[in-house]
Structure formats: C-alpha cells, structure tokens
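So the structure is just underneath, and the comments pick up after that.
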Amino acid sequence: MIIADKKPIEEIIEAIKDYKKILILGCNECVTVCEAGGKKEVEILASALRMYFLNQSKDVKIDEKTLERQCDHEYLEEIRNTVENYDSILSLACGVGVQFTAEKYHSTPVFPGVNTCFLGATEERGVWVERCQACGKCILASTGGICPVSRCAKRILNGPCGGSSKGKCEINKDLACAWQLIIDRLKALGKLDEYEKITPIKDWSTDRAGGPRKVIREDVKQ
Amino acid sequence: MNIKTPSKLEKILASGQLAVTSECGPPRGTNAEEIIKKAKLIKDYVDAINITDNQTSVTRLCSLASCIHLKLMGLEPVLQMVTRDRNRIAIQSDILGAASFGINNILCLSGDHQCFGDCAKGQNVYDLDSMQLLQTVRYMRDEGKFLGGDDIKHPPKMFVGAAENPFADPFEIRAPRLAKKVAAGAEFIQTQCIYNLERFEQWMKLVRDRGLHEKVYILAGVTPLKSAGMAKYMKNKVPGMDVPDEIVKRMASKPKEKQPEEGINICIESIQRLKEIEGVRGFHVMAIEWEEKVPEIVQRAGLYPRPKE
C-alpha cells in the first residue's frame, strides 16, 4: 500500500489560515491503514484546527468527510453537490488522491494534509517500511524475492557494495543490507549459485526516467 | 594475459614485475598545484597514481581534470569513477574524454553514499552499478560500441580495474564477488587496506582455488597508520575495515611521537609478508594525506627503483 505520514500541523495551518469554510477529506484506503488520513485522523485534525481558530478568534467552518477512495472518480463524485459550500479542501489522501480531487474540482483549492512517503507494508503497529519503488520491471524472481531497487540505498543490482557491514547498510546501522538479505535468502532456497549471475544494465525507462507512466489494458477498457 | 591497451600499468603487470600504485585526493578548490605537488612527491616511486572521485561524497575538483594535470606532467593516472553521480550518458562521455587525453586506466566503483558528504540532501544516480560500469568500459573498448549500439570512432583503450574488499561482509561471497567482477571485465583489482594478514591469506586461498589469480592482477592495498588513534578509528568507525587488536596495541605501545614510525614499520612488514602470497601482483599504497611517506615505504619494502616500463 501507499504509506503516508501526517504533515506537521503548523505547515497545514500556514496553508489554510486564510480560508473560512474548509472540508477535511479523508480516504478509507491506504492512508487509513497507515493511520495518517482515515476517518479517525480527519476527526483529530478537525478538532485541533477548530481549537486553533477558536484561540485565534477566527470564525472558520470545518467539516469532515471520508471517502471510500480519492483515487476513483466514482467516490469523488459523492461530494459533487456539497463542494460549493467550501472555499478549500484539505485532503488527507496520498498525493494521488489530492491530485485527483484537485482535477475534479477545478476551482476549489485543494491542500495536502499528509506527506506521501513510499510503497510499503506494516512491520508492526506504528512502523511502516518500504518494499517497492514501482520501477515498472520487477526483478524479484532473480533476487530471492527481496528488492534491491527499493531496499538498497544505492539501488545496486549486483551487490553488496563495500559498505555492507555485519549485515547492515553503511548509511544506517539499523538498516538491513538488502544484499545480505538476498544472499541469506538465496542460501535458504539452495540457489546461492545464482548470486554469480551478473544482473545486466537495467532499463530504467519504465521507472521515473521514462516520464509520467500509464498502464493501458485494452481487455478491461470500456 | 595479453596486453590490450597502451597502459603502462598493464605492461608492468604483464611483465611479471610487482606493480606499485598510489592515490591522491584532489583539492576542494581550483588550485591544481595541490594535486601536482602531491604527485611530484610520489611520482618516481609508483607506476600509476589513482585520483579519487569525490571520495566520501565530499565535493572536490573532479577526478578527470586532476588526471589530465597528471598526464600533462607525463605521469600515469588511474581515473577513479563512481556511478553515484553520473548516468550512462555522462559515464560514456567522461570515458571518451579521459581516453582522448591518453588516460589509459580506470577504476570502476559504486562510491560512498552521498549522506556521508557535503550534499547529503542531493540525489544519487546509480543508473549503473560498479559491475555494470566494468562491463560498459570493456564493451566500449572491446566491441568499439556505445551502450546504445552505435559504433565508436576510435574506441577508448583503457585498462580496467575494480576495488575489492576481502574483509567485507558476508565473507562467504567474497570470492564469488571477485569472480563476478572478473566476469564483468575487471583486469586489475586494488584491495581495501590490509591489516588482518591472516584473513587476507584465507581470502587469497579462496581466490586461488577458483583460479582467479590467473585471470586478474591483484594489487594488495596498504595504508600506513599515523597514530594509535587512527588505528582505533579505522577499527571501529570505518565500515568493512578489519584492524586486529594486536595492531592497535602495537601502535598504542609506542609514545605518541614514535607512532608514525611504527605505522610505517607495520606497513613495510605487511608488504614483505604480502609479497610471499601467490597471486599478489603488486601494491596499492594509500598514504592518506601522508603522500611524503610513499617514497620511504616503497624503498624500504624493496620495491625501488620502479621499472621504466
């Protein structure tokens, strides 16, 4: 899922302080699971902002709404009839949701309430870790199911580099060396000989390098 | 191993003589005199001089320009190139640029992560890794082609090297990793600084067991310790460095003013012992900001005079 983290409230206030009718728009998908932008976080942020404006003696209306998804036209349509009641939207969805909302409601300012961080998983409650960088050409089949693109600080495809020490990465002693993990896993699979295959130069055109990406599936297109 | 390039380093290695290389770090400014001065200190005692490429990710005068300064002095530079800062266009272009100045040696590295340097908030590139850089230089040289497939008019004739750390983790892939670098095209190897000779000997045995010592010239890396403090720092703070306790103790047993001399002694003794190891074809003397000691080390280790070619 997409992992996001709450923006500092000071930054949010700086963005919305001049608006009078604000809709805080949550999303019931990834940001709910990573506890950054679901119904609960919408409530907490709304309370905090109401208190802030009250202390400032400002009369600001703050409403709350959480959609099933903000990355889907269908669900975004749910606010079609009420959006004109607001002079701004504070979206707690990921960057995708913020943009989709902004595209749909062209004349309403939309502000992000979270920082979109990465594609990851919940390691334990309150700890989310990166596992994918959506490079567009998955190589997990040859790396024991462990991704050096997202988990090696240098995205090295023939690792480890000289900075791997006692299983940890040179940039941070708490960070596992992806290549140590790959080697351990290849060993567990009885495939350590595969380590000696040189991974060829990667086609990064399916990654960020190729510009904004699009997947078109004629078989499911309507 | 047949000679494939105009490199002086390659000729010396191919002749069976022990080669000696050293390295200099470029200045953090535009005064080329700093690199020229360092090179003058060591030039008669080494066969080739590596120029580091923004080592530890600290921005410096570029390796290529520094190599050109050395070349203009009639010396033999080894262009160090990291893949951290350049994509495949810049890499190929810099290789052509270097070759156009008669720079005939390249050391292919991935480079330290940028978080260690003065631009910790910058991007890294890593379009290629060090192994793929080896493949790239060899492809450009041997096939005479760019990565994109077009022919190169006058391909670069470079002798291609890589670094290897016999002490890094995990130990079980140290020899396979060298095999991989050789398969990718490495013709010479400069190793990480060696203090733990027993572990190095174990590694060399693994290397010989696979016959790799006959496919690649291995230059053993040595760095003289200046002080007990430096020994402790290398032991505890530098990733992938293996400094045995005896070395730290030996340095600490001397009064401070005698420690530099002891460091030089240890370095020379190491070279003597390394000379005995089958497959060691030369030495890479990294006297970090202590270039003036290179002549003494080379002379006392019995590696002087250097061959004319």
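Keep in mind that the numbers below use all heavy atoms, side chains included, and drop hydrogens, waters and symmetry copies.
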Spacing of CD1 belonging to Ile173(B) relative to NZ belonging to Lys187(A), to within rounding of 0.5 Å | 10.5 Å
Could you go through the side-chain contact (heavy atoms from CB on, under 4.5 Å) check for His113(B) and Lys154(A) one step at a time?
-> CA-CA 7 Å; His113(B) 193 271; Lys154(A) 301 176 185 171; 4.1 Å; yes
Please state whether the side chain, the backbone, both or neither of Leu147(B) comes within less than 4.5 Å of a heavy atom of chain A.
-> side chain
When rounded to the nearest 0.5 Å, the distance separating NZ of Lys180(B) from CG of Asn158(A) is 4.0 Å
So which of Ala168(B), Ser110(B), Pro176(B) has the largest heavy-atom pair count under 4.5 angstrom toward chain A?
-> Pro176(B)
For chain B, the option from Asp193(A), Thr199(A), Ile156(A) that forms the most heavy-atom pairs under 4.5 Å | Ile156(A)
Spatial distance of atom CD1 (Ile201(A)) from atom CD (Gln135(B)) [nearest 0.5 Å] = 6.0 Å
Is it true that atom NZ of Lys39(A) has more than 12 heavy atoms of other residues, nucleotides or ligands lying nearer than 6.0 Å?
-> no
Glu170(A) side chain to Asp112(B) backbone, donor-acceptor under 3.5 Å | no
Any Pro160(A) side-chain heavy atom under 4.5 Å of Arg177(B) side chain | yes
Among Gly159(A), Cys177(A), Ala209(A), who wins on heavy-atom pairs under 4.5 Å with chain B?
-> Gly159(A)
Under 4.5 Å from a heavy atom of chain A, the part of Glu172(B) involved = side chain
Separation between CD of Gln114(B) and CD1 of Ile171(A), rounded to the nearest 0.5 Å | 8.0 Å
Rounding to 0.5 Å, atoms NZ (Lys202(A)) and CG (Asp127(B)) come to a distance of 11.0 Å
Going from CH2 on Trp204(A) to CG on Asn87(B), what distance comes out if it is rounded to the nearest 0.5 angstrom?
-> 12.5 Å
